[in-house]
2 protein chains.
Amino acid sequence: MDKDKIDKKDHILDVAERVFADYGFDGASTRTISGEAGVNMAMLNYYFGSKEGLFLAVFERKISSFRTLLQNIGNDDTMTTWGKLEKCIDNYVERIIVNNCFQKLINREVSMNKRWTLTDKITEILMVNVHEIKKIIEEGLNNGSFYSDIDIPLVIATIFGTKNYIINMPQLSSLILGHDIRDEKFMEENLKPRVKTYMKRLLKAYLVNENDNSK
Amino acid sequence: MDKDKIDKKDHILDVAERVFADYGFDGASTRTISGEAGVNMAMLNYYFGSKEGLFLAVFERKISSFRTLLQNIGNDDTMTTWGKLEKCIDNYVERIIVNNCFQKLINREVSMNKRWTLTDKITEILMVNVHEIKKIIEEGLNNGSFYSDIDIPLVIATIFGTKNYIINMPQLSSLILGHDIRDEKFMEENLKPRVKTYMKRLLKAYLVNENDNSK
DNA sequence: TTTGCCTAATCAATCGTTTGATTAATTTTG
DNA sequence: CAAAATTAATCAAACGATTGATTAGGCAAA
């Protein structure tokens, strides 16, 4: 049946996503992926052409999901600029906790100097997210609700960088936070709301002009 | 001559550091490293025992350098807490620009779920830096010059995370900043002072209690 | 001659990929 | 509908290439 075929490809992608995240592109062998997925090795090439094709397929599957989320956040004109950014942060923190293995996968491979076809593709995907955030901050700058001398590119680096630091280095941030961040309960009940609160207060202190008289 | 032997080993380590940073541990082959270093392949095993031994040797060489720099920053009692943090940031930004390929190497390998002997070693090294920053922020919290409800672990995540984001993803941050950050001139004349200014203003807005009457 | 440095050649193991054969499913034809 | 033809899916086996590592031997200095 057609449904089974789709589910099998999806299953392979699920496994590949995790194995790539754990071992890196080079460290993850096609034998390991096919083995853990319970399919014949040749199926990877049959479905995805090559190892790189499989890797890119893992990405392609995520793009639409990312894009639609961000569009919904950015195009809501019923709220203030700062309100948009708040919602953006809340949604982001909510997402990264669930999808952290995919995030690790991204950040590891994009830091390579070589393999340009891959990194270019990844960069392209990430820029969608960046552009959406950038639009919101620029809006706040133009309508006067944000300070006029803020450094937008570096604010973006802080938003994504803080997030990456926590999820990409679980051993290290666990030591800093005093808890194992791979503990689901701690993640959900403590870290999630904590990161939300922190990011919003940090950015508000830097961005929002309280003396704004434009509204 | 003994001097030549040491220089040759150092030369191999220099090359290995760069190649590991560019290709990752798995992606970097011993043939590539020995080839670019201009030595016979067997020399790597002769000097360092194995590929992993070579990898660890690259790290060992850096530890002392890191440690001494941080001690000089943290133990100066002639300045205020905020002044210490300012100096810390300035020194950090100055360093990361020079050593960015080593930083990339660190951040890629520590995000792996496997290879525990390596990640544990790296985590240990990074904690030295973290602890030094943490000490300063706690000092500011105790003497009342910083707000009392700040989230120290997440501030640390922001400091290192923002830095990592810029240097680990040169293609992406180049797009965001509008310039190629691998351009030495732009790096030195624009990005360096810019990141310093930004980080200090960002942290000051979040941390420093202007109504502090303790002094 | 012995010791330490170095090279070329080679090792077994693993890599990603391809092959030819076989089965399952679908479509076409009578 | 049933038989035949075609396509899709799956498999074990093997491919050439490359991996990290080792070997045997040369060569210069002590």
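Here the structure is a predicted model, which is why all the values come from computation and not from measurement. Protein chains get the first letters and strands the later ones, always in sequence-line order, with residue 1 at the start of each.
- Side-chain N/O atoms of B/K8 include none lying less than 4.0 angstrom from OP1 or OP2 on C/dC5.
- Comparing C/dC15, D/dT22, D/dA8 by their closest approach to the side chain of A/S29 singles out C/dC15.
- When the P atom of C/dT17 is taken as reference, atom CE of A/M41 falls 10 Å away, rounded to whole Å.
- Atom OH in A/Y23 sits roughly 15 Å away from atom C1' in C/dT14 (whole-Å rounding).
- When each of A/S50 and B/A42 is assigned the nucleotide of DNA chain C with its nearest heavy atom, B/A42 is the one assigned upstream, toward the 5' end.
- When the C1' atom of C/dT19 is taken as reference, atom CG of A/L44 falls 16 Å away, rounded to whole Å.
- When the P atom of C/dC6 is taken as reference, atom NE2 of B/H11 falls 12 Å away, rounded to whole Å.
- Under a 4.0 Å N-O distance rule, the pair A/D90/A/K200 qualifies as a salt bridge.
- Per the geometry, NZ belonging to B/K9 stands 15 Å off C1' belonging to C/dC6, to the nearest Å.
- In this structure, CE of A/M43 is placed 14 Å from P of C/dA24, rounded to the nearest angstrom.
- For A/N45, the side-chain atoms get nearest to C/dT17 when compared with the rest of D/dA8, C/dT17, C/dG4.
- Between C/dC6 and B/N40, no contact under 4.0 Å exists linking OP1 or OP2 to a side-chain N or O.
- Comparing D/dA21, C/dC6, D/dA14 by their nearest atom to the side chain of B/Y47 picks out C/dC6.
- A/I137 pairs with exactly one of A/L203, A/N142, A/V155, A/T81 by the side-chain contact (heavy atoms from CB on, under 4.5 Å) rule, that one being A/V155.
- Phosphate contact (OP1/OP2 of C/dC5, side-chain N/O of B/Y46, threshold under 4.0 Å): present.
- Two residues are said to be in side-chain contact when any heavy atoms from C-beta on lie closer than 4.5 Å; B/T162 and A/Y165 fail this criterion.
- Residue A/T30 is classed as a base contact, given a heavy-atom separation below 4.0 Å to a base.
- Ring centroids of A/F48 and A/F55 are separated by 6.0 Å or more, keeping the two rings apart.
- Taking the charged nitrogens against the carboxylate oxygens, A/R61 and A/D10 do have a contact shorter than 4.0 Å, which makes a salt bridge.
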